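Note that the structure is predicted; figures quoted are calculated from it, not measured. Chain identifiers are assigned alphabetically (A, B, ...) following the order of the sequence lines, protein sequences preceding nucleic acid strands; residue numbering begins at 1 within each chain.
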Protein chains: 2
Amino acid sequence: MRLSTKGRYAVTAMLDLALNGVDGPVTLAEISENQGISLSYLEQLFASLRAKELVRGVRGPGGGYYLGRGADDISIANIICAVDEWVEFTRCGGRKNCSGGERCLTHSLWDDLSSEIFDFLTKISLGDLIRRGEHKKADKAAHLSVVNDEGSRAA
Amino acid sequence: MRLSTKGRYAVTAMLDLALNGVDGPVTLAEISENQGISLSYLEQLFASLRAKELVRGVRGPGGGYYLGRGADDISIANIICAVDEWVEFTRCGGRKNCSGGERCLTHSLWDDLSSEIFDFLTKISLGDLIRRGEHKKADKAAHLSVVNDEGSRAA
DNA sequence: ACATTTCCTACTAATTTACTTGGTAATAAG
DNA sequence: CTTATTACCAAGTAAATTAGTAGGAAATGT
């Protein structure tokens, strides 16, 4: 299991793409600008995303990236897997010399937990996230019309 | 959000501690042996775990570590937070110049997702994991009484 | 032809991970 | 009281990963 800042960048970029790519492709330069991620790092991430067909690139002027498929068909797990390898839990390689011992038990417990986290992230799609964001935006607007306060302004 | 191999080591070690610490403390040397983690790295991890009072150390011969509280009162999130800092999502620092823009929207979406993953891991305790493992062990034993085969004996 | 953009490779600085080394402090047992 | 055992502590380090730079080549719309 792996869920690093790299995965966060990828998810963030994909969200940006889903939000801004409704009419025409989005350039990496725009995402770089929007999200504060270096262009070349985005290129690396998008190479991975493209390999898993989560995005589709269009070259030339007016080009950029589209989502590879509908936002509802792209899970967070898909995105994180694409850039973070993931796949290899502990599993003891399935054969190491921890047959039956405590080591194998704890490893399989971690393995189960990993699978569960994976399932959890598989069930959340880009589309889900965006819709929730829209709700929240609406809620926030409703709140703002009543309570005109930022709320969080800690040091 | 952060969920790296470091967190995995910590969870694995805590599982080992919970499983073997039923009658008397467990030494880091034992955990090191069981789980294949270097002693000093365990010391580092346990320094963090102890700071959050997730474990309690006893010095001297016959000493070792106890869980800081019951296995049911220690969540996976507790453990990962202790060793991985976590806490700082993107949040734009709450003030950066992305007020209202796409950047802040995507960041807050990621933020929400992080919180959700956190909640998820908060609801799973060490005790939960162990009980699941016991179920699995029982299942396995039942199987073994029928199928008398190790299964995995690859090179 | 030209500007734009993806696409590709190699390199690098910074950070994190995992480990090593070399201790000190507490404490149970002889 | 000495000794072995253990937690505890700090500094340093090799390896891996993260994030970014640099310098292109290959498409492609204008």
- Query: What is the distance from CD of A/Glu53 to C1' of C/dC7, rounded to the nearest Å?
  - Reply: 16 Å
- How would you label the contact of A/Leu39 with the nucleic acid (heavy atoms, under 4.0 Å): base, sugar-phosphate, or nothing? nothing
- Between CZ of A/Phe46 and C1' of C/dC8 the distance, given in whole Å, is 16 Å
- Does A/Asn78 reach the side chain of A/Cys81, with side-chain heavy atoms less than 4.5 Å apart? no
- Query: Could you state the CG-P distance from A/Asp84 to D/dA16, rounded to the nearest angstrom?
  - Reply: 17 Å
- Message: Any N or O donor-acceptor pair under 3.5 Å from the base of C/dT21 to the side chain of B/Ser40?
- Response: yes
- Query: Can you tell which of C/dC19, D/dT18, D/dC9 lies closest to the side chain of B/Arg50?
  - Reply: D/dC9
- Task: Measure from CD on B/Gln44 to C1' on C/dT17 and round the result to the nearest Å.
- Result: 9 Å
- Report yes or no: do A/Leu109 and A/Phe120 belong to one cluster of Ile/Leu/Val/Met/Phe/Trp/Tyr joined by side chain heavy-atom distances under 4.5 Å? yes
- Task: Output all residues satisfying side-chain hydrogen bond (donor to acceptor under 3.5 Å, both in side chains) with B/Asp72, sequence neighbours left out; order by chain, then residue number.
- Result: B/Arg131
- Item | Distance in angstrom units between A/Leu42 CG and C/dC7 P, rounded | 13 Å
- Message: For the CD atom on B/Glu33, are there more than 12 heavy atoms of other groups (residues, nucleotides or ligands in this structure) within a distance under 6.0 Å?
- Response: no
- Message: In whole Å, I'd like the distance from the OH atom of B/Tyr66 to the P atom of D/dT6.
- Response: 13 Å
- Message: Heavy atoms from C-beta onward define the side chain here; which of D/dA19, C/dT6, C/dC19 lies closest to that of A/Lys6?
- Response: D/dA19
- Using a cut-off of 6.0 Å, state whether more than 12 heavy atoms not belonging to B/Glu53 lie near its atom CD. no
- Candidates C/dT17, C/dC19, C/dC8 - which lies nearest the side chain of B/Thr5: C/dT17
Could you write out each protein N or O paired with an N or O of nucleotides 26-30 of chain C at a distance under 3.5 Å?
residue : atom : partner : partner atom : Å
C/dA26  : O4'  : B/Arg59 : NH1          : 2.9

- Item | A/Thr27: side chain to side chain contact (heavy atoms under 4.5 Å, CB included) partners, not counting sequence neighbours | A/Ala29, A/Glu30
- Out of C/dC19, D/dT21, C/dT6, which has the shortest distance to the side chain of B/Ile37? C/dC19
- Query: Atom CG of B/Leu28 and atom C1' of D/dT5: how far apart are they, to the nearest Å?
  - Reply: 13 Å
- Message: Below the 4.0 Å mark, does C/dT4 have OP1 or OP2 next to a side-chain nitrogen or oxygen of A/Thr27?
- Response: no
- Parallel under 30°, tilted from 30 to 60°, perpendicular over 60°: which one fits the rings of B/Tyr41 and B/Tyr9? perpendicular
- Message: What is the separation between atom CD on B/Glu43 and atom P on C/dT20, rounded to the nearest whole Å?
- Response: 12 Å
- Could you pick out which residue, B/Val26 or A/Tyr41, lies toward the 5' side of DNA chain D when each is mapped onto its nearest nucleotide? B/Val26
